[in-house]
Novice: 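Structure incoming, see below.
Within every chain, numbering begins at 1; the chains are lettered A, B, ... in the order of the sequence lines, protein sequences first and strands thereafter. Just so you know, these numbers come straight off a predicted model, no measurement behind them. In what follows, every heavy atom counts, from backbone to side chain, and hydrogens, waters and symmetry copies are set aside.
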There are 2 protein chains.
Amino acid sequence: MERDLIALCKNKASELEAACRKNGLALTIQRRVILECLASRTDHPTADQVYEDVCVKIKGVSRTTVYRVLETFVSIGLAKKISNPESKARFDADTTRHHHLTCTACGVVLDVFDNDLNNLRLPSGIERDFEITDYSITFTGTCSACSGHRTKDHG
Amino acid sequence: MERDLIALCKNKASELEAACRKNGLALTIQRRVILECLASRTDHPTADQVYEDVCVKIKGVSRTTVYRVLETFVSIGLAKKISNPESKARFDADTTRHHHLTCTACGVVLDVFDNDLNNLRLPSGIERDFEITDYSITFTGTCSACSGHRTKDHG
DNA sequence: TTGTATGCAAAAGGTTTGCAATGAT
DNA sequence: ATCATTGCAAACCTTTTGCATACAA
């Protein structure tokens, strides 16, 4: 159930080319590196976390660009914003259906890949009023690292 | 599958008394009104939206208090922060298990109550590494109001 | 009376915008 | 050459913090 990160990154690189061509967008170095940085992590980074990674790879990129490019990726389907209870956006380069475990203590977000969960029977009647395109389950609880310390710390 | 809003509000009022007593918290007017305002909406308001409502009911409440009290409610189990892809917290006074439909066009969040969805078989093995306390499904798509206009407007 | 909760002001994140300069096509 | 994209600076929005005052118990 693990995902092949190297394959994902390669796929993403060619997806980017295709998506830029299709949408009439320029294939800039910034877009290439930002997508590369996003696709190489599975921990659903915030825009600022992506920015940190990008800075290591190329000099002089601005935070603004990272924020803007990530939004562009979402709008052309190269990435998703994931639902989370924090007050900041988190991004995921894996746009296929999967689910999340979020630790209420430390905030970590782990992936859940499961066939049964990916094929739920939707409640009847709903689709009359709402056109459902996708869904994602967020499991909340405590990760193993935080299970030890019972106090409400954020280490 | 509708929820009885009046009953919910009354329940919440007595829940508040009980929770304050239990946790050694003062039963202030602010806490009473803030919970009242939150419980009387089913649209998962942001802290600022709750603040707006509170201002109508009592004068001179500060935004800070609303933010602080909502966090208090979450910590004593009177409310939940709901997972969403926006960069701001949204709150829900209904702490029982239920799910959400979010319209990607207009952003509205509707509730889904369904017995089957509330009793999913969790993937085996997960609970070894992660202590799951709850879960919630976010369905994404287009609401009936937005289904008409195919353009990506936000009206 | 005692200690918690509130209000204020200010700061701290996180994100967006306007505009000139840069760079991909 | 042209127009989209970037970088910068500043604004904006949401949330948090420190401290003195007010209020519930």
Novice: Measure the distance from CG on B:Leu70 to C1' on D:dT14 and round it to the nearest whole Å.
Specialist: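 My rounded result for the distance is 13 Å.
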Novice: Would you mind reading off the distance between B:Arg63 atom CZ and D:dT14 atom C1', rounded to a whole angstrom?
Specialist: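 After rounding, the gap between these two atoms is 9 Å.
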Novice: Is B:Arg68 paired with B:Glu71 through a side-chain N to carboxylate O contact shorter than 4.0 Å?
Specialist: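 Between B:Arg68 and B:Glu71 there is no salt bridge, as every charged N stays at least 4.0 Å from the carboxylate O atoms.
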Novice: Take the protein atom NZ of B:Lys59 and the nucleotide atom P of C:dG7, then report the distance between them rounded to whole Å.
Specialist: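 Result: 13 Å.
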Novice: Using a strict cut-off of less than 4.0 Å between a Lys/Arg side-chain nitrogen and an Asp/Glu carboxylate oxygen, indicate whether A:Glu36 and A:Arg32 qualify as a salt bridge.
Specialist: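 No, no charged N to carboxylate O under 4.0 Å.
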Novice: Could B:Lys81 and A:Glu86 be called an ion pair, given the rule that one side-chain N must be under 4.0 Å from one carboxylate O?
Specialist: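 No salt bridge links B:Lys81 with A:Glu86.
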Novice: Mind running a 4.0 Å heavy-atom check of residues 21-31 of chain B against DNA chain C and sending the residues that fall below it, in number order?
Specialist: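 Those residues are B:Leu25, B:Ala26, B:Thr28, B:Gln30, B:Arg31.
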Novice: Same cluster or not: are B:Tyr67 and B:Ile58 linked, directly or through other Ile, Leu, Val, Met, Phe, Trp or Tyr residues, by side-chain heavy atoms under 4.5 angstrom apart?
Specialist: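 No: no chain of side-chain contacts under 4.5 Å links B:Tyr67 to B:Ile58.
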Novice: When you compare the side chains of A:His44 and A:Asp111, does any donor N or O come within less than 3.5 Å of an acceptor on the partner?
Specialist: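 Yes, side-chain donor-acceptor contact under 3.5 Å.
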Novice: Should the pair A:Asp43-A:Arg90 be classified as a salt bridge under the 4.0 Å nitrogen-to-oxygen rule?
Specialist: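 Not counted as a salt bridge, because no side-chain N and carboxylate O are separated by less than 4.0 Å.
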Novice: Report the end-to-end axis angle of the helix from C:dT1-D:dA25 to C:dT25-D:dA1; each axis comes from five terminal pairs, and the value is rounded to 10°.
Specialist: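 Taking five pairs per end, the axes differ by 40°.
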Novice: Rounded to the Å, how far apart are B:Arg68 CZ and D:dT14 C1'?
Specialist: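 Taking atom C1' of D:dT14 as the reference, CZ of B:Arg68 is at 15 Å.
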Novice: A:Ser147 side chain to A:Cys143 main-chain N or O, any donor-acceptor pair under 3.5 Å?
Specialist: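 Indeed, once roles are kept as given, a pair shorter than 3.5 Å links the two residues.
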Novice: Applying the salt bridge (charged side-chain N to carboxylate O under 4.0 Å, His left out) criterion to B:Lys80, which one of B:Asp94, B:Asp92, B:Asp134 satisfies it?
Specialist: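 The option that passes is B:Asp134.
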Novice: Respond yes when some side-chain nitrogen or oxygen of B:Tyr67 is under 4.0 Å from OP1 or OP2 of D:dT16, and no when none is.
Specialist: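 False: B:Tyr67 side-chain N/O out of range (4.0 Å or more) of D:dT16 OP1/OP2.
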Novice: Hey, which of these two, B:Val69 or B:Ser87, hits DNA chain C nearer its 5' end, going by closest nucleotide?
Specialist: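 In this pair, the answer is B:Val69.
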Novice: Report yes if at least one side-chain N or O of B:Thr64 is closer than 4.0 Å to OP1 or OP2 of C:dG7; otherwise report no.
Specialist: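 No, no such contact exists.
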Novice: Taking atom P of C:dG14 as reference, at what distance in whole Å does atom CD of B:Glu86 sit?
Specialist: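 It is 17 Å, rounded to the nearest whole Å.
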Novice: May I have the distance from B:Glu17 (atom CD) to D:dA25 (atom C1'), rounded to whole angstrom?
Specialist: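 After rounding, the reported distance stands at 14 Å.
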Novice: Taking the side chain of A:Ala89 as its heavy atoms from C-beta onward, which of D:dT6, C:dT15, C:dG7 lies nearest to it?
Specialist: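 Of the options given, the side chain of A:Ala89 lies nearest C:dT15.
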Novice: How many whole angstroms separate atom CG of A:Asp48 from atom C1' of C:dT16?
Specialist: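 To the nearest whole Å, that distance equals 13 Å.
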Novice: Grab the CD1-P distance between A:Ile34 and D:dT6 for me, whole Å please.
Specialist: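 From A:Ile34 CD1 to D:dT6 P: 7 Å.
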Novice: Taking it one step at a time, do B:Asn118 and B:His99 satisfy side-chain hydrogen bond (donor to acceptor under 3.5 Å, both in side chains)?
Specialist: CA-CA 9 Å; B:Asn118 287 353; B:His99 311 288; 2.8 Å; yes
